[in-house]
Amino acid sequence: EIINKIRNDPKKYADEIENNIQYIKRHTDGSLIFAKHLKVKLNKGVNAFREAISILKRTTRLDPFRFNNTIMIDVPKNEIDMKDAKVFQDKIIQKKKEIDIHAYFKDGIKDPFISALLMIVDDSLQNPGKKREMLLSEEFKYIAISSAFINKQFCAYFTFAK
């Protein structure tokens with residue numbers, strides 16, 4: 001729902017990102033963090049937020065994603081597997097034998113509003129901007145999201161298809 005709201009009016013969501021810049025802080029170890037209801041490590045901080053704002057202001061309205069159960073990847077049933085990137089990769093490999101999945105990623109942010117915000121900002125060290133590209137792609141028509149909480153561990157799998 002949140003992702004489709006962003007796709008429906010990307011320019012409006014740029015204001016949401018602007019309003020959240022105030023939560024970028026310097027951690028005691030010197031790293032940058034987004035500290036609203038929870039703390040998430042950032043890479044470039046304000047510069048990444050500004051870049052996302054600029055991209056959203058240039059992005060035209062996109063059709064909403066349609067949920068597609070057939071591309072969904074089930075999340076693990078235990079904490080150890082939730083933390084293991086290889087488990088996710090193995091599940092993707094297996095699922096791709098059955099159906100076309102064109103893009104995918106794993107997320108560990110339990111608050112859906114912060115998760116969506118940081119997926120659009122996408123201030124990661126590895127492959128910055130890739131999640132945003134998937135979420136704002138005209139090419140992808142379908143999405144599946146699966147998630148689970150086990151104790152304090154959270155995991156969500158996002159998959160996309162054309």
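- Side-chain atoms of N68 do not come within 3.5 Å of backbone N or O of I143 as any donor-acceptor pair.
- Taking 4.0 Å as the cut-off between side-chain N and carboxylate O, R132 and E51 count as a salt-bridged pair.
- Between atom CD of residue E133 and atom CD1 of residue I55 there is a gap of 8.0 Å, rounded to the nearest 0.5 Å.
- Side chains of S146 and D74: no donor on one and acceptor on the other come within 3.5 Å.
- I109 places a side-chain heavy atom less than 4.5 Å from the side chain of L38.
- In summary, E18 and R50 engage in a salt bridge, as defined by a charged side-chain N under 4.0 Å from a carboxylate O.
- In this structure, the side chains of D100 and I71 stay at 4.5 Å or more apart for every pair of heavy atoms.
- Formation of a donor-acceptor pair under 3.5 Å by the N127 side chain with backbone atoms of K130 is not found in this model.
- Side-chain contact between N4 and N8 is absent, with no heavy atoms from C-beta onward closer than 4.5 Å.
- Ring to ring, F88 and Y157 are close: their centroids are under 6.0 angstrom apart.
- The side-chain heavy atoms of I101 and I73, taken from C-beta on, include a pair separated by under 4.5 Å.
- The closest side-chain heavy-atom distance from Y142 to T159 is not below 4.5 Å.
- A donor-acceptor contact shorter than 3.5 Å is absent between the side chain of D81 and the backbone of P76.
- Within the 4.5 Å cutoff, no side-chain heavy atoms of H27 are placed close to those of L32.
- Around NZ of K36, the count of heavy atoms belonging to other residues, nucleotides or ligands within 6.0 Å exceeds 12.
- At least one side-chain heavy atom of I17 sits less than 4.5 Å from a side-chain heavy atom of Y13.
- The local environment of CZ in F67 is crowded, with over 12 non-hydrogen atoms from other residues, nucleotides or ligands closer than 6.0 Å.
- Partners of F160 according to the ring-ring contact (aromatic ring centres under 6.0 Å, His included) rule, which considers only residues two or more places apart in sequence or in another chain, are F65, F105, F140.
- R61 and D63 are joined by a salt bridge, as a carboxylate oxygen and a charged side-chain nitrogen come within less than 4.0 angstrom of each other.
- The pair K86-D90 meets the salt-bridge criterion, since a charged nitrogen lies less than 4.0 angstrom from a carboxylate oxygen.
- L136 has its side chain within reach of I6: a pair of non-hydrogen atoms, C-beta onward, lies under 4.5 Å apart.
- More than 12 non-hydrogen atoms from other residues, nucleotides or ligands lie less than 6.0 angstrom from CD of Q22.
- Counted within 6.0 Å of NZ on K11, heavy atoms from surrounding residues, nucleotides or ligands total more than 12; the atom is thus considered enclosed.
- Heavy-atom neighbours of E98 CD from other residues, nucleotides or ligands within 6.0 Å: above the threshold of 12.
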